[in-house]
Amino acid sequence: MKISTKVQKRIDKYSPQGGLDQTAKIILSLTGINHPEVREHKERVALLAEAVAKELKKDEKAAFFGGLLHDTGKLTEPHKLFDGHNITAEEYALVKQHVNEGFEALKDHHLFTAFCAGLHHAMFYKGYGLTAKDLPGHWHMGTVKKVLEISGIISICDFIDAFTHRKTKIKDGSDKKSSNLKKILYEKYPEDRLIIDIALKEAPKMD
Ligand SMILES: [Fe+2]
Ligand SMILES: [Fe+2]
(Lines give C-alpha, C1' and ligand atoms only; values in the text may rest on other atoms or scores of the structure.)
(Ligands and ions follow the chains in the order given, each with its own letter.)
Protein backbone atom coordinates (compact mmCIF):
# COMPACT_ATOMS: atom_id res chain seq x y z
CA MET A 1 0.00 0.00 0.00
CA LYS A 2 1.48 3.34 -1.05
CA ILE A 3 1.60 6.54 0.97
CA SER A 4 -1.03 8.87 -0.53
CA THR A 5 0.21 11.31 -3.20
CA LYS A 6 -1.03 14.30 -1.20
CA VAL A 7 1.05 13.25 1.84
CA GLN A 8 4.12 12.36 -0.26
CA LYS A 9 4.05 15.83 -1.86
CA ARG A 10 3.82 17.53 1.53
CA ILE A 11 6.75 15.53 2.94
CA ASP A 12 8.89 16.53 -0.04
CA LYS A 13 7.75 20.17 0.08
CA TYR A 14 8.78 20.65 3.70
CA SER A 15 12.20 18.93 3.29
CA PRO A 16 12.71 18.94 7.09
CA GLN A 17 16.13 18.95 8.76
CA GLY A 18 17.72 15.91 10.35
CA GLY A 19 16.14 13.26 8.15
CA LEU A 20 12.60 13.66 9.47
CA ASP A 21 11.35 13.24 5.88
CA GLN A 22 12.93 9.77 5.59
CA THR A 23 11.85 8.80 9.12
CA ALA A 24 8.27 9.76 8.27
CA LYS A 25 8.25 7.81 5.01
CA ILE A 26 9.76 4.66 6.54
CA ILE A 27 7.49 4.69 9.60
CA LEU A 28 4.43 5.21 7.39
CA SER A 29 5.45 2.32 5.12
CA LEU A 30 6.10 0.05 8.11
CA THR A 31 2.79 1.01 9.72
CA GLY A 32 1.01 0.24 6.44
CA ILE A 33 2.15 -3.41 6.55
CA ASN A 34 0.32 -4.50 9.71
CA HIS A 35 -1.85 -1.49 10.47
CA PRO A 36 -3.09 0.07 7.19
CA GLU A 37 -6.01 1.75 8.97
CA VAL A 38 -3.62 3.35 11.50
CA ARG A 39 -1.46 4.66 8.65
CA GLU A 40 -4.47 6.23 6.95
CA HIS A 41 -5.53 7.74 10.29
CA LYS A 42 -2.06 9.26 10.79
CA GLU A 43 -2.14 10.76 7.29
CA ARG A 44 -5.57 12.36 7.85
CA VAL A 45 -4.55 13.68 11.30
CA ALA A 46 -1.36 15.18 9.79
CA LEU A 47 -3.25 17.02 7.05
CA LEU A 48 -5.92 18.24 9.48
CA ALA A 49 -3.38 19.39 12.10
CA GLU A 50 -1.46 21.20 9.35
CA ALA A 51 -4.63 22.98 8.15
CA VAL A 52 -5.58 24.02 11.70
CA ALA A 53 -2.05 25.25 12.51
CA LYS A 54 -2.00 27.24 9.26
CA GLU A 55 -5.28 28.97 10.07
CA LEU A 56 -4.05 29.76 13.59
CA LYS A 57 -0.72 31.03 12.18
CA LYS A 58 1.20 28.37 14.14
CA ASP A 59 4.02 26.14 12.81
CA GLU A 60 2.20 24.07 10.19
CA LYS A 61 5.28 21.97 9.42
CA ALA A 62 5.64 20.91 13.07
CA ALA A 63 1.91 20.12 13.19
CA PHE A 64 2.09 18.08 9.99
CA PHE A 65 5.04 15.89 11.08
CA GLY A 66 3.77 15.64 14.67
CA GLY A 67 0.44 14.42 13.28
CA LEU A 68 2.10 12.04 10.86
CA LEU A 69 4.10 10.35 13.63
CA HIS A 70 1.78 10.75 16.64
CA ASP A 71 0.78 7.05 16.70
CA THR A 72 4.24 5.64 15.87
CA GLY A 73 4.03 3.43 18.98
CA LYS A 74 1.12 1.45 17.51
CA LEU A 75 3.61 -0.10 15.08
CA THR A 76 4.79 -2.49 17.77
CA GLU A 77 1.30 -3.49 18.92
CA PRO A 78 -0.67 -6.51 17.64
CA HIS A 79 -3.13 -5.87 14.85
CA LYS A 80 -5.95 -7.57 16.76
CA LEU A 81 -6.12 -4.54 19.07
CA PHE A 82 -7.39 -2.50 16.11
CA ASP A 83 -9.58 -5.03 14.28
CA GLY A 84 -12.87 -3.54 15.42
CA HIS A 85 -13.71 -5.84 18.34
CA ASN A 86 -14.77 -4.46 21.69
CA ILE A 87 -11.46 -4.43 23.53
CA THR A 88 -11.05 -5.52 27.13
CA ALA A 89 -9.56 -3.42 29.94
CA GLU A 90 -6.27 -5.38 29.60
CA GLU A 91 -6.16 -4.69 25.87
CA TYR A 92 -6.88 -1.00 26.46
CA ALA A 93 -3.94 -0.88 28.89
CA LEU A 94 -1.78 -2.22 26.04
CA VAL A 95 -3.14 0.34 23.57
CA LYS A 96 -2.29 3.13 26.01
CA GLN A 97 1.38 2.14 25.91
CA HIS A 98 1.66 3.43 22.33
CA VAL A 99 2.36 6.96 23.54
CA ASN A 100 5.42 5.96 25.57
CA GLU A 101 6.58 3.54 22.88
CA GLY A 102 6.28 6.22 20.19
CA PHE A 103 8.21 8.68 22.34
CA GLU A 104 10.96 6.09 23.00
CA ALA A 105 11.28 5.26 19.29
CA LEU A 106 11.60 8.91 18.21
CA LYS A 107 13.29 10.72 21.11
CA ASP A 108 16.93 10.24 20.06
CA HIS A 109 16.23 11.34 16.49
CA HIS A 110 13.45 13.95 16.49
CA LEU A 111 12.82 15.18 20.03
CA PHE A 112 10.09 17.75 19.28
CA THR A 113 8.08 15.25 17.23
CA ALA A 114 8.74 12.57 19.88
CA PHE A 115 7.06 14.80 22.48
CA CYS A 116 4.06 15.30 20.18
CA ALA A 117 3.73 11.48 20.14
CA GLY A 118 4.20 11.26 23.91
CA LEU A 119 1.81 14.09 24.78
CA HIS A 120 -1.09 13.63 22.35
CA HIS A 121 -3.32 11.74 24.81
CA ALA A 122 -2.43 13.92 27.79
CA MET A 123 -3.85 17.19 26.51
CA PHE A 124 -7.26 16.69 28.15
CA TYR A 125 -8.61 15.93 31.63
CA LYS A 126 -7.79 12.36 32.76
CA GLY A 127 -5.63 11.71 29.72
CA TYR A 128 -2.53 9.51 29.75
CA GLY A 129 1.08 9.45 28.58
CA LEU A 130 3.82 12.02 29.06
CA THR A 131 3.02 15.40 30.59
CA ALA A 132 4.54 18.89 30.57
CA LYS A 133 6.65 17.76 33.57
CA ASP A 134 8.55 15.37 31.27
CA LEU A 135 9.76 18.16 28.96
CA PRO A 136 13.51 18.88 29.21
CA GLY A 137 14.26 21.40 31.97
CA HIS A 138 16.69 23.30 29.73
CA TRP A 139 14.11 23.95 27.00
CA HIS A 140 13.36 27.61 26.34
CA MET A 141 9.83 28.67 27.42
CA GLY A 142 9.02 29.39 23.77
CA THR A 143 9.77 25.78 22.79
CA VAL A 144 7.74 24.42 25.74
CA LYS A 145 4.78 26.61 24.73
CA LYS A 146 5.10 25.52 21.11
CA VAL A 147 5.24 21.78 21.79
CA LEU A 148 2.17 22.04 24.06
CA GLU A 149 0.29 24.10 21.46
CA ILE A 150 1.11 21.74 18.59
CA SER A 151 0.36 18.65 20.73
CA GLY A 152 -3.00 20.22 21.66
CA ILE A 153 -3.87 20.71 17.99
CA ILE A 154 -2.82 17.12 17.18
CA SER A 155 -4.81 15.77 20.13
CA ILE A 156 -8.03 17.46 18.99
CA CYS A 157 -7.52 16.44 15.34
CA ASP A 158 -6.77 12.88 16.51
CA PHE A 159 -9.99 12.73 18.54
CA ILE A 160 -12.08 14.09 15.65
CA ASP A 161 -10.60 11.58 13.21
CA ALA A 162 -11.08 8.66 15.62
CA PHE A 163 -14.68 9.71 16.27
CA THR A 164 -15.52 10.00 12.58
CA HIS A 165 -13.53 7.03 11.18
CA ARG A 166 -12.60 4.43 13.80
CA LYS A 167 -14.45 1.12 13.99
CA THR A 168 -12.61 -0.09 17.10
CA LYS A 169 -14.33 0.58 20.39
CA ILE A 170 -11.69 2.48 22.34
CA LYS A 171 -12.81 3.52 25.80
CA ASP A 172 -11.75 7.16 25.42
CA GLY A 173 -15.14 8.52 24.39
CA SER A 174 -14.33 8.53 20.66
CA ASP A 175 -16.79 5.67 20.08
CA LYS A 176 -19.83 7.56 21.37
CA LYS A 177 -21.35 7.94 17.91
CA SER A 178 -24.74 8.98 19.23
CA SER A 179 -23.38 12.01 21.04
CA ASN A 180 -22.66 15.44 19.66
CA LEU A 181 -18.98 15.63 18.69
CA LYS A 182 -18.67 19.39 19.26
CA LYS A 183 -20.21 19.06 22.74
CA ILE A 184 -17.83 16.20 23.67
CA LEU A 185 -14.85 18.22 22.45
CA TYR A 186 -15.91 21.38 24.31
CA GLU A 187 -16.15 19.32 27.53
CA LYS A 188 -12.89 17.51 26.93
CA TYR A 189 -10.87 20.58 25.88
CA PRO A 190 -12.62 23.56 27.59
CA GLU A 191 -9.74 25.94 26.88
CA ASP A 192 -9.49 25.16 23.17
CA ARG A 193 -12.79 26.15 21.58
CA LEU A 194 -11.12 28.09 18.77
CA ILE A 195 -8.97 25.07 17.75
CA ILE A 196 -12.06 22.82 17.94
CA ASP A 197 -14.17 25.13 15.74
CA ILE A 198 -11.43 25.37 13.10
CA ALA A 199 -10.71 21.61 13.18
CA LEU A 200 -14.40 20.74 12.82
CA LYS A 201 -14.67 23.13 9.86
CA GLU A 202 -11.57 21.68 8.15
CA ALA A 203 -12.11 17.95 8.97
CA PRO A 204 -14.61 17.13 6.19
CA LYS A 205 -12.06 18.37 3.60
CA MET A 206 -9.48 15.71 4.63
CA ASP A 207 -11.13 12.61 3.06
FE1 LIG B 1 -2.86 7.82 19.88
FE1 LIG C 1 -4.22 8.68 16.75
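All heavy atoms count here, side chains included; hydrogens, waters and symmetry mates do not. Order of appearance sets the numbers: ligands from 1, and atoms from 1 within every ligand.
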Exercise. If you leave out waters, which protein N, O or S atoms are less than 2.8 Å from the Fe ion (ligand 2)?
Worked result: His41 NE2, His70 NE2, Asp71 OD2, Asp158 OD1

Problem set entry | Heavy-atom check, side chain of Ser155 versus side chain of Leu119, under 4.5 Å | no

Problem set entry | Min side-chain heavy-atom separation Ile150-Val147 under 4.5 Å | no

For this session: Scan residues 184-207 for pairs that pass ring-ring contact (aromatic ring centres under 6.0 Å, His included), counting only residues two or more places apart or in two chains.
Result: Phe124-Tyr189

For this session: Mind checking ring pair (Phe, Tyr, Trp, His ring centres under 6.0 Å) for Phe64 and listing every partner two or more places apart, or none if nothing turns up?
Result: Tyr14

Can you give the donor-acceptor pairs under 3.5 Å from side chains of residues 68-75 to other protein atoms, not counting sequence neighbours?
residue : atom : partner : partner atom : Å
His70   : ND1  : Gly67   : O            : 2.6
His70   : NE2  : His41   : NE2          : 3.2
His70   : NE2  : Asp158  : OD1          : 3.2
Asp71   : OD1  : His98   : NE2          : 3.0
Asp71   : OD1  : His120  : NE2          : 3.1
Asp71   : OD2  : His41   : NE2          : 3.2
Asp71   : OD2  : Lys74   : NZ           : 3.3
Thr72   : OG1  : Leu69   : O            : 2.7

Problem set entry | Glu91 and His85 side chains, donor-acceptor separation under 3.5 Å | yes

Problem set entry | Atom of His121 nearest the Fe ion (ligand 1) (restricted to N/O/S, atom name only) | NE2

